[in-house]
Amino acid sequence: MAQQDSARQAAEGTPAAETPEPAESGEDLEFLDDTADAEERERAHRERGTARPITVVGNPVLHRRCQDVTEFDDKLTQLIDDMFASQRAAEGVGLAANQIGVDLRVFVYDCPDDDGVRHVGAICNPVIEELPAESRVLDESNEGCLSVPTAYAPLARPDYAVCRGQDAQGKPVVVRGTGYFARCLQHETDHLDGYLYIDRLSKRDRKDALRQMAEGTPRYETVPND
Ligand code: ZN
């Protein structure tokens, strides 16, 4: 996911949504602490990795469900390092494997939450937990995607998300996020299901986002579509 569109957001004066207390559904969930040593962990990953060019809307790998991760081996570790390097090179806050052309259900993130706290991690085989409708608060902030370079559009999403999956060793993990990080967890899981955020927009907003992309120039290397 692209960085927050802060300039435009400030101009529009989007009010910060009230964050509800976490839903009661997951009483005894052990949430992963993905905030400790965030800076050091992110740096270590990207220094071991190599940045790769980013696939853009229209590339088939972005428009189909990715394969489950079944081998938690050195190859996966290297992929995750490359994804952190690619995410940093493109100045993103989240990146799914198919955004560097790899058909595998894993995403990485380096994203601030509602309180400005930095979260860093990698999740394999992610699933977003359904929240009870009564605890759902929609946040209508702008959203952007490295695979739709230079475009932003407002998109309503729940401002709290719980994502289940596995870490790079295959151990089950549960991550929760608020604010922009909640948006990121949903956005990256969508990628691995074969959907871009523009697929959730109205026809008109989607067209506008594609126009912004056509008029802009990405600040990072992309994979040309045939
Ligand atoms: Zn994206």
Side-chain angles (χ1 to χ4, degrees), residues 1-6 8-9 42 46 49 51-66 79-80 82-113 119-128 139-159 161 163 165 175 177 179-201 205-214 216-225:
M1 191 166 76
Q3 272 177 12
Q4 205 154 5
D5 186 21
S6 48
R8 216 168 311 183
Q9 208 128 318
E42 191 273 335
R46 77 175 136 88
R52 306 197 211 167
I54 306 292
T55 55
V56 297
V57 53
N59 189 315
V61 77
L62 292 175
H63 303 284
R64 56 172 187 246
R65 191 180 192 276
C66 291
L79 170 64
I80 289 171
D82 286 357
M83 287 170 67
F84 271 102
S86 306
Q87 171 176 259
R88 175 54 74 118
E91 298 177 35
V93 297
L95 185 85
N98 48 352
Q99 292 187 273
I100 55 167
V102 177
D103 180 6
L104 212 50
R105 291 181 69 78
V106 52
F107 71 77
V108 302
Y109 57 87
D110 176 6
C111 187
D113 66 18
H119 295 255
V120 169
I123 306 183
C124 303
N125 304 322
V127 177
I128 294 288
D139 170 358
E140 313 220 10
S141 298
N142 271 340
E143 190 162 320
C145 176
L146 298 178
S147 296
V148 192
T150 74
Y152 283 95
L155 176 60
R157 290 197 191 258
D159 71 344
C163 184
V175 170
Y180 208 57
F181 182 42
R183 181 173 293 277
C184 176
L185 292 171
Q186 297 169 74
H187 178 115
E188 301 310 330
T189 303
D190 274 355
H191 267 303
L192 300 175
D193 289 335
Y195 297 105
L196 299 176
Y197 82 99
I198 58 170
D199 299 330
R200 291 183 177 272
L201 299 176
D205 286 355
R206 180 191 169 95
K207 218 175 134 187
D208 184 64
L210 291 172
R211 181 192 53 75
Q212 291 177 51
M213 173 176 156
T217 306
R219 292 193 293 176
Y220 46 87
E221 197 185 344
T222 57
V223 180
N225 289 336

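One-based numbering, in listed order, for ligands and for the atoms of each.
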Y195 atom OH, neighbour heavy-atom count above 12 within 6.0 Å | no
Can you name the nearest heavy-atom pair linking Y180 to A2, along with the distance?
-> OH-O, 2.9 Å
Near the Zn ion (ligand 1), which protein N/O/S atoms fall under 2.8 Å?
-> C145 SG, H187 NE2, H191 NE2
Output every pair passing salt bridge (Lys or Arg N to Asp or Glu O under 4.0 Å) with a member in residues 143-154, not counting sequence neighbours, ordered by first then second residue.
-> E143-R157, E143-R183
Dump the intermediate steps for salt bridge (charged side-chain N to carboxylate O under 4.0 Å, His left out) on R46 and D82, then the final yes or no.
-> CA-CA 7 Å; R46 77 175 136 88; D82 286 357; over 6 Å; no
Could you list the donor-acceptor pairs under 3.5 angstrom formed by side chains in residues 92-102, with sequence neighbours left out?
{"unit_1": "N98", "atom_1": "ND2", "unit_2": "V61", "atom_2": "O", "d": "3.2"}
{"unit_1": "N98", "atom_1": "ND2", "unit_2": "H191", "atom_2": "O", "d": "3.0"}
{"unit_1": "Q99", "atom_1": "OE1", "unit_2": "A96", "atom_2": "N", "d": "2.9"}
{"unit_1": "Q99", "atom_1": "NE2", "unit_2": "S147", "atom_2": "OG", "d": "2.9"}

Quick note, salt bridge (Lys or Arg N to Asp or Glu O under 4.0 Å) partners involving residues 86-95, not counting sequence neighbours, are E42-R88, E91-R219
